[in-house]
Amino acid sequence: MTAEQPPRMRRSRGAAESLATIVLGFESLVAVLAGLAIYGLKALPASIAPWWGIVAGVILALLMVATTRVLRYRWGIALGWVLQAIVALGAFLVSSLALVALIFGAMYGYATIKGAALDKRNAALAATPPE
């Protein structure tokens with residue numbers, strides 16, 4: 001550490017990536033709580049130990065957090081939709097998860113669709129020279 005290095009410039013993130021990151025980040029907390037609910041209600045079939053509900057919730061939450069790192073790519077947005085579908089499938093175990101899936105699915109949809117429209121508008125404004 002003999003010479004000071006200049007601070008690193010942060011990568012510019014679009015609105016779709018930023019908004020989707022926020023939604024998936026908050027939903028990861030809900031996924032852990034859903035896993036705890038599945039465990040507490042013993043909603044899994046008798047052949048599966050109830051603690052697998054917690055494991056599934058934690059794994060889903062970790063996948064959501066990991067997905068926030070790849071949302072800059074189209075396949076990252078698609079992976080987020082797959083995770084939304086997995087949350088919706090949890091409604092077969094605990095019916096109240098259908099409401100959670102509906103709310104977070106709507107927020108994720110708004111974040112990705114409206115965010116992409118904002119990104120497109122911002123790119124058009126940046127391409128137009130100021131008068």
Side-chain angles (χ1 to χ4, degrees):
M1 299 225 164
T2 58
E4 283 189 39
Q5 295 186 8
R8 252 179 30 167
M9 295 298 296
R10 292 185 68 172
R11 181 181 62 81
S12 176
R13 296 182 341 157
E17 180 183 354
S18 296
L19 294 172
T21 297
I22 292 167
V23 172
L24 284 178
F26 280 116
E27 193 174 10
S28 67
L29 298 172
V30 174
V32 172
L33 295 174
L36 288 170
I38 290 170
Y39 167 75
L41 295 172
K42 295 181 177 38
L44 291 172
S47 61
I48 301 174
W51 57 267
W52 278 106
I54 297 173
V55 172
V58 168
I59 289 173
L60 184 60
L62 290 175
L63 285 172
M64 286 178 175
V65 170
T67 301
T68 63
R69 304 299 292 167
V70 295
L71 286 173
R72 72 183 89 161
Y73 308 109
R74 273 184 108 67
W75 60 269
I77 298 290
L79 180 59
W81 281 112
V82 170
L83 294 174
Q84 298 303 316
I86 292 171
V87 171
L89 289 174
F92 287 115
L93 298 172
V94 177
S95 60
S96 60
L97 285 179
L99 181 62
V100 171
L102 181 67
I103 292 170
F104 277 98
M107 288 192 312
Y108 189 76
Y110 183 82
T112 56
I113 294 168
K114 188 64 174 177
L118 287 171
D119 290 340
K120 186 176 181 180
R121 182 187 63 105
N122 290 339
L125 288 175
T128 306
E131 294 180 23

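- The shortest heavy-atom contact between V32 and V58 is CG2-CA, 4.4 Å.
- Sorted by first and then second residue, the pairs that involve residues 84-95 and meet side-chain hydrogen bond (donor to acceptor under 3.5 Å, both in side chains), not counting sequence neighbours, are E27-Q84.
- Residue pairs meeting the salt bridge (charged side-chain N to carboxylate O under 4.0 Å, His left out) criterion with at least one partner in residues 64-76, sequence neighbours excluded, are absent.
- The shortest heavy-atom contact between S18 and R13 is OG-NH2, 3.6 Å.
- Taking every heavy atom of both residues into account, S28 and G25 meet most closely at OG-O, 2.5 Å.
- Atom OG1 in T112 sits 6.0 Å away from atom CD1 in I77 (nearest 0.5 Å).
- Contact between A111 and A20 at its shortest, heavy atoms only, is CB-N, 3.8 Å.
- Between D119 and A16, the closest heavy-atom pair is OD2-N, 3.3 Å.
- The hydrophobic cluster containing V70 does not contain L62, counting ILVMFWY residues as joined when their side-chain heavy atoms lie under 4.5 angstrom apart, directly or transitively.
- Judged as a ring-ring contact (aromatic ring centres under 6.0 Å, His included), the pairs with a partner in residues 103-123 (not counting sequence neighbours) are, in order, W81-Y108.
- At a threshold of 4.5 Å between non-hydrogen side-chain atoms, the residues L24 and L71 count as touching.
- Tracing side-chain contacts under 4.5 Å through hydrophobic residues (I, L, V, M, F, W, Y), one never reaches L93 starting from L89; they form parts of separate clusters.
- Shown here for A61 and A31, the closest heavy-atom pair between the two residues is N-CB, 4.1 Å.
- In this structure, the side chains of L36 and L33 come closer than 4.5 Å at one or more pairs of heavy atoms.
- Not a single ring pair (Phe, Tyr, Trp, His ring centres under 6.0 Å) links Y39 to another residue, sequence neighbours left out.
- Interatomic distance, CD of E17 versus CD1 of I22, reported as 11.0 Å (0.5 Å rounding).
- L118 and I113 are members of different hydrophobic clusters when ILVMFWY side chains are connected at heavy-atom separations under 4.5 Å.
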Problem set entry | Working for side-chain contact (heavy atoms from CB on, under 4.5 Å), residues V82 and T67 | CA-CA 11 Å; V82 170; T67 301; over 6 Å; no

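- A search for ring pair (Phe, Tyr, Trp, His ring centres under 6.0 Å) contacts involving F92 returns nothing, not counting sequence neighbours.
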Donor-acceptor pairs under 3.5 angstrom involving side-chain atoms of residues 44-54: please list them, not counting sequence neighbours.
none

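- Distance CG/L79 to CG/L63: 7.5 Å, rounded to 0.5 Å.
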Problem set entry | Test log, rule side-chain contact (heavy atoms from CB on, under 4.5 Å), inputs I103 and L99 | CA-CA 6 Å; I103 292 170; L99 181 62; 3.9 Å; yes

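- No side-chain heavy atom of L19 sits less than 4.5 Å from a side-chain heavy atom of V23.
- Note: M107 CE to L102 CG = 10.5 Å, rounded to the nearest 0.5 Å.
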